[in-house]
Novice: 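Pasting a structure below so you can have a look.
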Amino acid sequence: MEQARKGELIEPADISEEQAIAELARLSAILAQANLDYHGKDTPTISDADYDELKRRNTAIEEQFPHLKRPDSPTEQVGGPLADGFSKIRHEVRMLSLGNAFDDDDVVEFDARIRKYLGLSETDRLAYTAEPKIDGLSLSLRYEQGQLVHAATRGDGEVGENVTANAKMIGNIPQTLADAPEVLEVRGEVYMSHADFAALNSAQEVAGAKSFANPRNAAAGSLRQLDPNITKSRPLAFFAYAWGALSYPLAETQMAAIARLGALGFQINPLTKICNGPSELVAHYKEIEIARPDLGYDIDGVVYKVDDLTLQRRLGFRSTTPRWAIAHKFAAELAWTRLEAIEIQVGRTGALSPVARLAPVTVGGVVVSNATLHNEDYIKGLDSKGGEIRGGKDIREGDLVQVYRAGDVIPKVADVDLSQRPEGAVPYVFPQTCPECDSAAIREEGDAVRRCTGGLICPAQAVEKLKHFVSRGAFDIDGLGAKQVEVFYHDDQLKIREPADIFTLRARDAQALTKLKNRDGWGETSARNLFDAIDERRKIPLNRVIFALGIRHVGESASNLLARHYNNWADFDLAMREAASQEGAAWDDLLSIDGVGAVMAASLTQAFAQEAEYASILRLVQELDIEAVERPAQDGSPVAGQTVVFTGTLEKMTRAEAKARAEALGAKVSGSVSAKTNLLVAGPGAGSKATKAADLGVKVIDEDEWLALIGDA
DNA sequence: GATCCTCGAGTTCA
DNA sequence: CTCGAGGATC
């Protein structure tokens, strides 16, 4: 924020009215941005002192020219996120992502998988739709009684951002629909054409504004404007290709449903075509690939979907992707650049990860200067099973390497040009000791990663553990992000070396020579806010605490299972210590949890058996008020005391979730159907268990009926 | 024992 | 987003 430097400011008293107008606009923008940075990110972009100074200046000018006060004046904003951007909208039907195919074989496999799942032979007819995959950003439009009521971005698939006002500014999105279902969510892609993109960028240049790297960035930037008038001035368009919630089905096939959307007034892609079998799909893919440069908009692949909607329903979903669709991606853009150095990073679990430092190069519209090298074998040109990658060529410092962005995101090294290898380049020697703490770095038999054995002695591991501790699914303390934790770790006075230290920070600050509020970038208010935010988190649910401990193999999902099983800290703590011998009732009980195996159990109990680590855990727990997870009353639950078996694919919950939920309701969950079974919940793909249940006269219901039964529909 | 699926851990850049 | 690996299922 260059312009925010105090030295460049003119004294308010000297400025003209014109200058005041410009200055108020500028201050309002800077302060709004600072607010966003402060609340939304780990590191404030300007110090508290600068912030206060700018705000004072704003007030002074407003007092001098009251009539120039802006409607969005910073003085009118009371604390809190001034514009946390957009409100949130929960999608009634989740917005999923797609699985990927990278070559023709993947497409053949996709078809084979579906046929197997549906019980079709190779010769049975199975139609797919194939359409270009637009490279923009997805948007969900909700219409009620034919009126556009809201528009939301994909977000994390569950909750998106409310961009209704902006969506209404997009020319080819209808605001009203004639003859549509009472509820209709239309999904599609917002994009910008090449011509419009070029025109926008030259206009930006003339106006002295920054230009966009590519049409997708331009489209994303234009849709996520707080001022809809800016969106209006940007040439955005929308292709419809799917739907979410619906009051009645649009058609019986994908193709007909899309045609219906076209008839309702949405732009649909003319290159959508019915294909029978993998060879026709691939043929259409090649056609689209040839047409690609002349389409006038960016696409990054071709999407295949099972055409028959009944079959789509039968195929259902995996956790984040539908089984009935796949995206066949075009080869990623490649670029050659020099690999300047290989550096080693140490992660929370001690994993040594090699990273390539590259001479900056543009790949797919983004400047890349780092790339992941995964592990020791990857550098050598070996894959996990001892096979070869890059034709077995190893990577050396100084090499000319070809990089691409996997999934258009993560930079990787695709190839090495041996003819350009500098003379004297030697094979990379992977360190055998931790570069941060010099402890031995050991690679377990059969493991791909080498790990630092320093444990808590290793500063890198300690810092990464702390970063994990304050991360989103864990303690998530406002104003204490990864950056701050690292600073505090190294601070001589306010040292935060383990989680418990966070909670003693306020008390220790009171004793410190230089109090936090007197330091650079801090002030009275921000220091107090931080201490308050920390105190607010003392009361915390058990599952978050377990996750925050950062025990290897125990992530968010396992923490939820454990918390539900043990219900409160005292019981969990006791069980972990009793199970330390890795035998006996407590150990068996731990392993009986669906989703917990021997490896995870051993990792867990070790953390509680190891003296220093356990002491650190106790110091933390002492500072907290850990909430037991709610265990719904079991009395009167419709499944209390019953034995339930799940089989087939569950679509709305994982098997582990289903089991935990059923147990919470007092049911016993078993793995096989027997005479004692009361109920079988069968998803698609159920096999022998369903047959056996029928033989034994056990009641069989599907997932939806189950959810309705337990009142979770 | 093979195979499918999900989770955990690590990674980049705007 | 992707890889590796743990866990469940057949």
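We name chains A, B, ... by the order of the sequence lines, and we start the count at 1 in each one.
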Novice: Sequence neighbours excluded, which residues qualify as salt bridge (charged side-chain N to carboxylate O under 4.0 Å, His left out) partners of A/R224?
Specialist: A/E161
Novice: For A/V367 and A/V554, take the nucleotide of DNA chain B holding the closest heavy atom to each; which residue's nucleotide lies nearer the 5' end?
Specialist: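 On the 5' side of the pair lies A/V554.
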Novice: Under 4.0 Å, counting only non-hydrogen atoms across every strand here, what does A/V449 touch: a base, just sugar-phosphate, or nothing?
Specialist: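 Here A/V449 touches no strand at all.
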Novice: When you measure from the side chain of A/A448, which nucleotide among C/dG4, B/dT12, C/dC3 comes out closest?
Specialist: C/dG4
Novice: Scan the side chains in residues 354-363 of chain A for donor-acceptor partners under 3.5 Å anywhere in the protein, sequence neighbours excluded, and list what turns up.
Specialist:
{"residue": "A/R357", "atom": "NE", "partner": "A/E343", "partner atom": "OE1", "Å": "2.9"}
{"residue": "A/R357", "atom": "NH1", "partner": "A/N370", "partner atom": "OD1", "Å": "2.6"}
{"residue": "A/R357", "atom": "NH2", "partner": "A/E343", "partner atom": "OE1", "Å": "3.1"}

Novice: Using atom CZ of A/R323 as one end and atom P of B/dC4 as the other, report the distance to the nearest whole Å.
Specialist: 12 Å
Novice: Quick check, are the ring centers of A/F572 and A/H565 under 6.0 angstrom apart?
Specialist: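 Ring centres of A/H565 and A/F572 not closer than 6.0 Å.
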Novice: With the side chain of A/N370 defined as its heavy atoms from C-beta on, choose the nearest nucleotide among B/dC5, C/dG6, B/dC13.
Specialist: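 Side chain of A/N370 sits closest to B/dC13.
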Novice: Considering only B/dA9, C/dG7, B/dT11, which nucleotide approaches the side chain of A/T372 most closely?
Specialist: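 Taking heavy atoms from C-beta onward, the closest nucleotide is B/dT11.
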Novice: For a quick check of understanding: with a heavy-atom distance under 4.0 Å over all strands, which category does A/F102 fall into, base, sugar-phosphate or nothing?
Specialist: sugar-phosphate
Novice: Just compare B/dG8, C/dC1, C/dG4 and give me whichever is closest to any side-chain atom of A/I410.
Specialist: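 Nearest to the side chain of A/I410 among the choices is C/dC1.
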Novice: Starting the side chain at C-beta, find the nucleotide from C/dG4, B/dG8, B/dG10 nearest to A/S557.
Specialist: B/dG8
Novice: Return the nearest nucleotide to the side chain of A/V599; candidates are B/dT11, C/dA5, C/dG7.
Specialist: C/dG7
Novice: To the nearest angstrom, how far is A/M600 atom CE from C/dA8 atom C1'?
Specialist: 12 Å
Novice: Among B/dG10, B/dT12, B/dG8, find the nucleotide with the atom closest to the side chain of A/S353.
Specialist: B/dG10
Novice: On DNA chain B, nearest-nucleotide positions of A/R552 versus A/R113: which is more 5'?
Specialist: A/R113
Novice: Taking the side chain of A/Q345 as heavy atoms from C-beta outward, which of B/dG8, B/dT12, B/dA9 is closest to it?
Specialist: B/dT12
Novice: Name the nucleic acid region contacted by A/R405, choosing base, sugar-phosphate or nothing; use a 4.0 angstrom heavy-atom cut-off, strictly under.
Specialist: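 Counting heavy atoms under 4.0 Å across all strands, no contact is made by A/R405.
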Novice: Check the distance between B/dC7's P and A/L561's CG and give it to me in whole angstrom.
Specialist: 9 Å
Novice: Determine: side-chain N/O of A/S369 to OP1/OP2 of B/dT12, distance under 4.0 Å, yes or no.
Specialist: no
Novice: How are the rings of A/F110 and A/Y304 set relative to one another: parallel (under 30°), tilted (30 to 60°) or perpendicular (over 60°)?
Specialist: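 Ring orientation of A/F110 relative to A/Y304: tilted.
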Novice: A/A351 has a side chain; which of B/dC13, B/dG10, C/dG4 sits nearest to it?
Specialist: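 Side chain of A/A351 sits closest to B/dG10.
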Novice: So if I take every side-chain heavy atom of A/K116 and compare against B/dC13, B/dT11, B/dC4, which nucleotide ends up nearest?
Specialist: B/dC4
Novice: Pick from A/D106, A/L98, A/D104: which one makes a side chain to side chain contact (heavy atoms under 4.5 Å, CB included) with A/H328?
Specialist: A/D104
